[in-house]
2 protein chains.
Amino acid sequence: MNDRHEGAAGRPAPPKRERADARRNREALLEAAAAVFVRSGVEAPVRDIAAEAGIGVGTIYRHFPKRADLVIAVFRHQVEACAEAGPALLAAGPTPYAALGRWIDLFADFLVTKHGLAAALRSDSTGFEALHDYFLDRLVPVCTELLDAAADSGEIRSDVRALELMRGVGNLCVGADDPRYDARRMVELLIAGLSRPR
Amino acid sequence: MNDRHEGAAGRPAPPKRERADARRNREALLEAAAAVFVRSGVEAPVRDIAAEAGIGVGTIYRHFPKRADLVIAVFRHQVEACAEAGPALLAAGPTPYAALGRWIDLFADFLVTKHGLAAALRSDSTGFEALHDYFLDRLVPVCTELLDAAADSGEIRSDVRALELMRGVGNLCVGADDPRYDARRMVELLIAGLSRPR
DNA sequence: GACGATACGGAACAGCGTTCCGTTTTGGCA
DNA sequence: TGCCAAAACGGAACGCTGTTCCGTATCGTC
């Protein structure tokens, strides 16, 4: 993907250096958003983020047309890291199933430690679909690779697809703030249920 | 529980016959809500329900102080049926684990067939906590009984509690409308993962 | 230094759950 | 039967969202 907003191919696409204030605000915004997400969760009001960054809400929407785009930008690095860990784990692990389990743990940890992220991912109401889609687009191929390898090795059943497994894990991580609900253990159960019945 | 709103013990508690219009509106409201929930999901706007019933929103809140109370009232019968099925299945099933599996299927079916119910159950934002609590209060004891029986029989691991299992199943049922996500299969996996590693 | 392009800020809009209160309906009692 | 206080009604209004709009301020170039 291109970091610029334009994507039309062929045209010269005049670079038009980014204005200094725009860049400054965008960076302050990302920093502020990250801080607010930690403090108040991913569903924090846009106005709170604007206040934290010392800018107006209009400026937020200039840089990130939808709220979800801001969330994506804040977590992009961590999603990338998770995606890149997949092949590495597959190469390192004793078996594909073990690698899959470790990768899922990584993914679940990511969701559990970001207050409200899992809930936002399956949010039907506000425009969080883009967030959901981004996660899936980026991570489903990775998960598919692990899943296929584990299926080929005969360790797990082969009728489960990456998309539903990831959605399942994502769903299980909702509400992990409640000390009475151990999301990680539920994920562990789900992955255990994946193993071929003997 | 008492069907009347009053619960203070000892006092004569004057019965005060319910006014005819109040009763009529309450029944129209429940019917309308059920229809709207089927058509638009559980998260349908209160105003839509009021319009369907031909009454004002104020009247809704007179009968059901919180939105969740209305949802509870609409689904109360089905929750009761599910709760009562627990002991029956335990008595009927070949093993406690089989009974547990069937009961969880019942519960999952209930959630999956009510458009958006599962999502509402874990909703942190609006006042749906009462809904969540009602489900848990009524069903966790039933689930505990099944879970304990299956653990005692040695069929399943004994470190999983009813509350987290039910939350897990509830979470897995979110988003079951999407044809690419088979919530029932994920629940099946979770329950399979419960069985004692051999 | 001037000026056009760009970006900013926050008031304004739409949609939500919920509350409030002036108006209407009801049913026991004279 | 007619009266009238108590009960219930309806929907405007409130406070909270995300998002849009546009007059104003800033930037960078000439």
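Per chain, numbering begins at 1; letters A, B, ... match sequence-line order. The figures here come from the full heavy-atom set of this structure, side chains too, leaving out hydrogens, waters and symmetry mates.
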field: Residues which pass salt bridge (Lys or Arg N to Asp or Glu O under 4.0 Å) with B/R76, listed by chain and number, not counting sequence neighbours
entry: none
Distance-only donor-acceptor pairs under 3.5 Å for side chains of residues 85-102 of chain A, two or more places apart:
| residue | atom | partner | partner atom | Å |
| --- | --- | --- | --- | --- |
| A/T95 | OG1 | A/Y97 | N | 3.4 |
| A/T95 | OG1 | A/A98 | N | 3.1 |
| A/T95 | OG1 | A/E155 | OE2 | 2.7 |
| A/Y97 | OH | A/I191 | O | 2.7 |

message: Considering every strand and a 4.0 Å limit on heavy-atom distances, what is the contact class for B/A53: base, sugar-phosphate, or nothing?
response: nothing
task: Would you mind building the protein contact string for nucleotides 22-27 of chain C? One character per nucleotide, 5' to 3', B for base within reach (heavy atoms under 4.0 Å), S for sugar-phosphate only, - for untouched.
output: ---BSS
message: Are B/I104 and B/L146 linked, directly or through intermediate hydrophobic residues, by side-chain heavy-atom contacts shorter than 4.5 Å (ILVMFWY only)?
response: yes
- request: Please identify each residue that fulfils salt bridge (Lys or Arg N to Asp or Glu O under 4.0 Å) with B/E80, with sequence neighbours left out.
  value: B/R138
field: Five-pair end axes of the helix from C/dG1-D/dC30 to C/dA30-D/dT1 and the angle they enclose, rounded to 10°
entry: 30°
- prompt: For C/dA7, does either OP1 or OP2 sit under 4.0 Å from a side-chain N or O belonging to A/T59?
  reply: no
- prompt: Could you give the CG-to-P distance, from B/L29 to D/dG10, as a whole number of Å?
  reply: 11 Å
- prompt: Roughly, in whole Å, what's the span from OH in B/Y61 to P in D/dA12?
  reply: 16 Å
query: What is the ring orientation for B/F135 with B/F110, classed by angle as parallel under 30°, tilted 30 to 60°, or perpendicular over 60°?
result: parallel
message: Using a strict threshold of under 4.0 Å (side-chain N to carboxylate O), is an ion pair present between B/R167 and A/D178?
response: yes
message: Let me spell it out: for each of B/I55 and A/G58, pick the nucleotide of DNA chain D with the closest heavy atom. Which residue's pick is nearer the 5' end?
response: B/I55
query: What integer distance in Å separates B/D69:CG from C/dG17:C1'?
result: 13 Å
message: As a test of understanding, state which of A/V187, A/V79, A/V169 forms a side-chain contact (heavy atoms from CB on, under 4.5 Å) with A/F107.
response: A/V169
message: Distance check, rounded to the nearest 0.5 Å: A/F37 atom CZ versus A/K114 atom NZ?
response: 12.0 Å
statement: Of A/V57 and B/D48, the one whose nearest nucleotide on DNA chain C sits closer to the 5' end is A/V57
task: Scan residues 25-38 of chain B for pairs that pass side-chain hydrogen bond (donor to acceptor under 3.5 Å, both in side chains), counting only residues two or more places apart or in two chains.
output: B/E18-B/R26, B/R23-B/E27
Integer-rounded Å distance: C/dC8 P and A/R23 CZ: 13 Å
